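Below, chain A is the first sequence line, B the second, and so on; all start at residue 1. None of these values were measured; they are calculated from a predicted model.
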2 protein chains.
Amino acid sequence: MAEHAQFEELARQLSAIGAVKRDMGRILPPACPSGTAAVLTLLGRHGDMRMSKLAELLAVDMSVTSRHVAHAADRGWIERSPDPADKRSRILRLTASGRAQLDELSRLTVDLLAERLSDWADEDVARLTQLMARLRESFDCRPAPRLTPAATAPPSATGTTAAPFVAPQTTRTPA
Amino acid sequence: MAEHAQFEELARQLSAIGAVKRDMGRILPPACPSGTAAVLTLLGRHGDMRMSKLAELLAVDMSVTSRHVAHAADRGWIERSPDPADKRSRILRLTASGRAQLDELSRLTVDLLAERLSDWADEDVARLTQLMARLRESFDCRPAPRLTPAATAPPSATGTTAAPFVAPQTTRTPA
DNA sequence: TATTGTTATACTCTATAACTATA
DNA sequence: TATAGTTATAGAGTATAACAATA
């Protein structure tokens with residue numbers, strides 16, 4: 001467990017990281033703001049999915065997701081087809097045009113990072129990325145405030161060897 | 001220099017870190033949103049300063065700074081006194097009430113981080129904080145796109161021994 | 001009755017531009 | 001003429017609540 005001052009400093013850095021995000025946002029095409037870009041990125045990375053799944057990955061309310069998706073669909077980057085299994089749902093899918101837009105986004109952001117981080121060691125980029133991912137995990141998975149009977153009972157061996165303690169329900173969110 | 005895929009992943013993490021920031025924002029007092037909290041934090045950390053200096057530390061436009069400061073001043077957390085040296089400027093200063101509010105903010109954020117990051121090693125918290133700080137530095141200091149005559153001429157020795165190459169104008173920003 | 005998704009409304013943060021008062 | 005700061009306006013992101021269609 002870290003000290004008080006360390007957490008204060010981390011909080012400050014979290015607050016200030018917004019400046020970097022704004023810088024990244026400024027290089028995006030006017031028709032594709034950051035919210036839309038995130039939608040395209042996640043669809044490209046995880047493949048077709050429903051609105052609710054995308055909202056979970058984005059870690060925002062579904063109403064927000066709906067607007068970003070509508071924006072992308074209006075521009076022909078996403079196709080919303082009805083889900084045969086559940087007529088309330090819609091399956092989201094990148095179009096060829098959407099894939100092209102995503103490639104362009106990737107080029108822009110990678111170029112910017114490559115320029116700004118030109119003096120960074122490979123290793124440090126990887127470490128920062130990993131630690132940021134872990135930070136998100138630590139925030140998303142809240143360890144169920146109330147104790148369950150199973151949590152106090154001895155580990156009745158389900159076969160997994162790599163789980164030292166109990167792994168509480170995770171309600172994981174982004175990716 | 002890192003690879004393409006590594007930069008893509010870092011960009012994704014930067015985009016997704018917003019979820020953590022939103023979580024942090026949700027615990028703030030209704031009267032003190034994140035923008036105001038950042039103002040109080042920087043005044044507490046760096047002491048009295050002018051609007052323009054605060055805007056630089058926040059890395060936002062001064063118009064934005066002005067609104068956050070006005071919000072804090074309206075609540076008695078900040079005092080704006082005229083600068084004797086330049087009547088256009090105003091010196092910002094935390095009041096006792098502002099200090100109390102800042103202490104409360106610190107308590108809230110540190111408690112949240114301590115809970116969420118309870119299983120983090122001290123070392124990892126420090127590493128993440130350092131890398132985020134370095135990321136901001138790498139973004140803020142842009143190495144003057146155009147070459148200056150001085151940059152190509154031999155180092156005509158101004159006395160500094162610790163500057164291996166040219167240190168271009170930095171327009172540094174946050175802190 | 002519960003869930004999926006959409007839309008309306010409101011709030012926060014930010015940037016640009018116009019304006020004032022000084023320098 | 002240029003700079004420090006304020007204010008008005010506009011745009012993006014998000015959350016809550018009300019709503020429609022379906023489970």
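- Within the structure, salt bridge (Lys or Arg N to Asp or Glu O under 4.0 Å) pairs that include any residue of residues 91-105 of chain B comprise B:E104-B:R107 (at least two apart or interchain).
- For A:P82, there are no side chain to side chain contact (heavy atoms under 4.5 Å, CB included) partners two or more places apart in sequence or in a different chain.
- For the pair A:L92 CG and C:dT6 C1', the interatomic distance rounds to 13 Å; values are reported in whole Å.
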For this session: Give the B/S/- string for nucleotides 17-23 of chain C, one per nucleotide from 5' to 3', where a protein heavy atom under 4.0 Å of the base yields B, of only the sugar-phosphate yields S, and otherwise -.
Result: B---BBS
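- The side chain of A:S89 places no N or O atom within less than 4.0 Å of a non-bridging phosphate oxygen (OP1 or OP2) of C:dT3.
- For A:A126, the side chain to side chain contact (heavy atoms under 4.5 Å, CB included) partners two or more places apart in sequence, or in a different chain, are A:Q130, B:Q6.
- Scored by the side-chain hydrogen bond (donor to acceptor under 3.5 Å, both in side chains) test, B:E9 finds A:R45, B:Q13 as partners (sequence neighbours excluded).
- With sequence neighbours left out, the side chain to side chain contact (heavy atoms under 4.5 Å, CB included) criterion links A:A11 to B:M24, B:T109, B:L113.
- At a cut-off of 3.5 Å, with distance as the only test, a side-chain donor of A:S89 or A:R50 sits close to an acceptor on the other residue.
- Regarding A:R50, its CZ atom lies at a distance of 12 Å from the C1' atom of D:dT22, rounded to whole Å.
- The phosphate of C:dT7 has neither OP1 nor OP2 within less than 4.0 Å of any side-chain N or O from A:S66.
- Atom CG of A:D23 is separated from atom P of C:dT14 by 13 Å (rounded to the nearest Å).
- D:dT3 atom P lies 18 Å from atom CE of B:M51, rounded to whole Å.
- Counting only residues at least two apart or in different chains, salt bridge (Lys or Arg N to Asp or Glu O under 4.0 Å) contacts with residues 67-85 of chain B are absent.
- Residues satisfying the side-chain hydrogen bond (donor to acceptor under 3.5 Å, both in side chains) test with B:R22, not counting sequence neighbours, are none.
- Between C:dT14 and A:R26, no contact under 4.0 Å exists linking OP1 or OP2 to a side-chain N or O.
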Would you tabulate the pairs of protein nitrogen or oxygen atoms and nucleotide nitrogen or oxygen atoms of nucleotides 11-13 of chain D closer than 3.5 angstrom?
{"unit_1": "D:dG13", "atom_1": "OP1", "unit_2": "A:S34", "atom_2": "N", "d": "3.2"}
{"unit_1": "D:dG13", "atom_1": "OP1", "unit_2": "A:S34", "atom_2": "OG", "d": "2.9"}
{"unit_1": "D:dG13", "atom_1": "OP1", "unit_2": "A:G35", "atom_2": "N", "d": "2.6"}

